[in-house]
There are 2 protein chains.
Amino acid sequence: MDHTRWLDDDEQRTWRAFLTAQRLLFERVERQLQNEAKMPHGYYEILVRLSEAPDRTLRMSRLADTSLSSRSRLSHAVARLEEAGWVERTACETDRRGAWARLTDEGFAALRAAAPGHVETVRSVLFDALSPEQAAALQDISESLVGHLTNRPVWPAESDAGADGACPEAG
Amino acid sequence: MDHTRWLDDDEQRTWRAFLTAQRLLFERVERQLQNEAKMPHGYYEILVRLSEAPDRTLRMSRLADTSLSSRSRLSHAVARLEEAGWVERTACETDRRGAWARLTDEGFAALRAAAPGHVETVRSVLFDALSPEQAAALQDISESLVGHLTNRPVWPAESDAGADGACPEAG
DNA sequence: CCTCTATCGTTGAACACTCAATCTCGATGG
DNA sequence: CCATCGAGATTGAGTGTTCAACGATAGAGG
């Protein structure tokens, strides 16, 4: 017996288009950042989150959450970023299991240098292709999905006015 | 001077929501396939494309295109799939640079076994979260993006009635 | 027939991510 | 005070991806 709720033709078309769009889009974003800024997109996100934090400093676990990384991934990533001199790790005094990650001035400079090219790419691959109505719909859809996939109201809740796309800590 | 077309708050919100949704969604899809079918999503797609091809056979280059893989990635992937006994490679007589990839019966069986769980996951992470209107909008948006990102009318053109979501070669 | 260029496909090294195991330390409860 | 449990973070092995380089063959032009 087959209880599977298979996709109908229309759903399948939607799924495949979404899949294709998503791949092509992020492939471009990834390649641009790798070529011009020498970092994968995941690392860029980490730098962005740090740049938005008070003192550009965050606990590793918090940073993992806000940058959508597993702890393991973040550990490996921050190790790399530390080698590059873009991030520093220091022990946490009040909770000695913990560690702080801080964006260095070099890291901030690297982010600043990377931002324009990245943002231009995001605009060119995403917003330049969509009408205002489509962009609005995409926001709506994405937020629905995030809500659905996190069992949370709608958005990571916490402080999040941040800038990824806006000039990092601009002004 | 700063010529960068920075994202405004609304665009940023859209971009971040899209990013987050995309990550959460594909993380789940990936994990489900890895856990239950012992293959990454990329391999699943390769098997699907082969399953839809005449004689379940495709030239490597064609397979690379339809499965959105780089040549290199496909080579590595097919090497793995061959070890698993799911795909076979044979030389091409008419073009001796070329190679055919064929889905074996074991490969087809593996795909058949993997499909229900995968499709159920796709439904639960995507379609269950969206209203019909949202799903329609997502299709529209995705096709716009694909068109934009490929400089092609709207869709890979070629034969593409296929089944990924539908029971593979069902009925 | 010969050369030049482009395509087909593979390879190995470098790198990022996942998973499971591990270590340290805080918190809780007797 | 001690035991237990759970959280914070790291590690190493395994795997997949990218990139650049390569070898082989087809096709075009002289």
Side-chain angles (χ1 to χ4, degrees), chain A residues 22-24 26-47 57-84 86-102, chain B residues 22-24 26-47 57-84 86-102:
Chain A
Q22 178 267 338
R23 282 222 207 212
L24 294 175
F26 286 100
E27 195 183 323
R28 288 227 199 166
V29 169
E30 198 68 57
R31 218 191 296 278
Q32 182 275 326
L33 269 176
Q34 197 63 60
N35 286 339
E36 296 177 23
K38 270 59 190 161
M39 63 177 107
H41 185 227
Y43 288 18
Y44 182 87
E45 285 185 273
I46 291 172
L47 299 188
T57 300
L58 236 36
R59 285 288 295 270
M60 288 294 283
S61 52
R62 191 121 208 73
L63 182 53
D65 294 343
T66 63
S67 63
L68 299 175
S69 289
S70 68
R71 295 208 144 92
S72 172
R73 169 151 94 183
L74 185 66
S75 256
H76 287 297
V78 168
R80 289 276 176 187
L81 292 171
E82 204 166 23
E83 287 174 25
W86 291 346
V87 170
E88 267 177 9
R89 266 182 296 198
T90 58
C92 174
E93 296 306 321
T94 62
D95 181 345
R96 290 201 306 213
R97 294 167 302 183
W100 294 102
R102 194 179 74 79
Chain B
Q22 177 267 337
R23 281 222 207 212
L24 294 175
F26 286 100
E27 195 183 322
R28 288 227 199 164
V29 169
E30 198 68 56
R31 217 191 296 278
Q32 181 276 325
L33 270 175
Q34 197 63 59
N35 285 340
E36 295 177 25
K38 269 61 192 161
M39 62 178 109
H41 185 228
Y43 289 17
Y44 182 87
E45 285 184 273
I46 291 171
L47 299 187
T57 301
L58 235 36
R59 285 290 294 272
M60 288 295 281
S61 53
R62 190 125 208 71
L63 182 53
D65 293 343
T66 63
S67 64
L68 299 176
S69 288
S70 68
R71 304 269 160 105
S72 171
R73 168 151 92 183
L74 185 67
S75 257
H76 288 298
V78 168
R80 289 277 178 186
L81 291 171
E82 203 166 23
E83 286 173 25
W86 291 346
V87 170
E88 267 177 10
R89 266 182 297 198
T90 59
C92 174
E93 296 305 322
T94 62
D95 180 345
R96 291 202 306 212
R97 294 166 302 182
W100 294 102
R102 193 179 73 79

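All figures in this text were calculated on a predicted structure; none of them were measured in a lab. Every chain is numbered from 1 and lettered A, B, ... according to where its sequence line falls, protein lines coming before strand lines. These numbers come from the heavy atoms of this one structure, side chains and all, not from hydrogens, waters or symmetry mates.
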note = Across all chains, not counting sequence neighbours, the salt bridge (Lys or Arg N to Asp or Glu O under 4.0 Å) partners of B:Arg71 are none
query = Excluding sequence neighbours, so at least two apart, what forms salt bridge (Lys or Arg N to Asp or Glu O under 4.0 Å) with B:Arg96?
reply = none
query = Is there a donor-acceptor pair under 3.5 Å between the side chain of A:Gln22 and the backbone N or O of B:Gln22?
reply = no
[X] has an atom [atom1]; how far is it from atom [atom2] of [N], in whole Å?
X	N	atom1	atom2	answer
B:Asp65	C:dT7	CG	C1'	12 Å
B:Arg28	C:dT18	CZ	P	15 Å
B:Leu33	C:dC19	CG	C1'	17 Å
A:His41	C:dC17	NE2	P	12 Å
B:Arg62	C:dT7	CZ	C1'	15 Å
B:Asn35	C:dT18	CG	C1'	11 Å
A:Leu68	C:dC17	CG	P	12 Å
B:Leu63	C:dC8	CG	C1'	13 Å

Between [atom1] on residue [X] and [atom2] on residue [Y], distance to nearest 0.5 Å:
X	Y	atom1	atom2	answer
A:Glu88	A:Thr57	CD	OG1	9.0 Å
A:Lys38	A:Leu33	NZ	CG	11.0 Å
A:Leu74	A:Leu63	CG	CG	4.5 Å

Student check: side-chain heavy atoms of B:Glu27 and B:Arg31 closer than 4.5 Å = yes
Could you list, one pair per line, each protein nitrogen or oxygen that sits under 3.5 Å from a nitrogen or oxygen of nucleotides 13-15 of chain C, together with the distance?
none

OP1 or OP2 of [N] sitting under 4.0 Å from any side-chain N/O of [X]?
X	N	result
B:Arg71	C:dG9	no
B:Arg97	C:dA6	no
A:Ser72	C:dA20	no

note = B:Ala99 meets the side-chain contact (heavy atoms from CB on, under 4.5 Å) criterion, sequence neighbours left out, with B:Met60
Contact nearer the 5' end of DNA chain D, comparing B:Ala77 with A:Arg73 = A:Arg73
remark   = Whichever of A:Ala79 and A:Glu27 has the more 5' nearest nucleotide on DNA chain D, that residue is A:Ala79
key: Set of side-chain hydrogen bond (donor to acceptor under 3.5 Å, both in side chains) partners for B:Asp95, sequence neighbours left out   = B:Arg97
key: 5′-ward residue of the pair B:Cys92/A:Arg96 relative to DNA chain C   = B:Cys92
ask   = Does B:Val78 or A:Glu93 map to a spot on DNA chain C nearer the 5' end, using the closest nucleotide for each?
value = B:Val78
message = Over all strands shown, is A:Ser70 touching base, sugar-phosphate only, or nothing at heavy-atom distances under 4.0 angstrom?
response = sugar-phosphate
task = Identify whether any heavy atom of A:Ser75 sits under 4.0 Å from a base atom; if not, whether one sits that close to sugar-phosphate; answer base, sugar-phosphate or nothing.
result = base
task = Kindly point out which of C:dC25, C:dT18, C:dT10 is positioned nearest to the side chain of B:Arg89?
result = C:dT10
Heavy-atom pair of closest approach, residues A:Glu30 and A:His41 = OE2-N, 2.8 Å
note = First and last nt of DNA chain D near chain B, cut-off under 4.0 Å to heavy atoms, 5' to 3', are D:dG16 to D:dA26
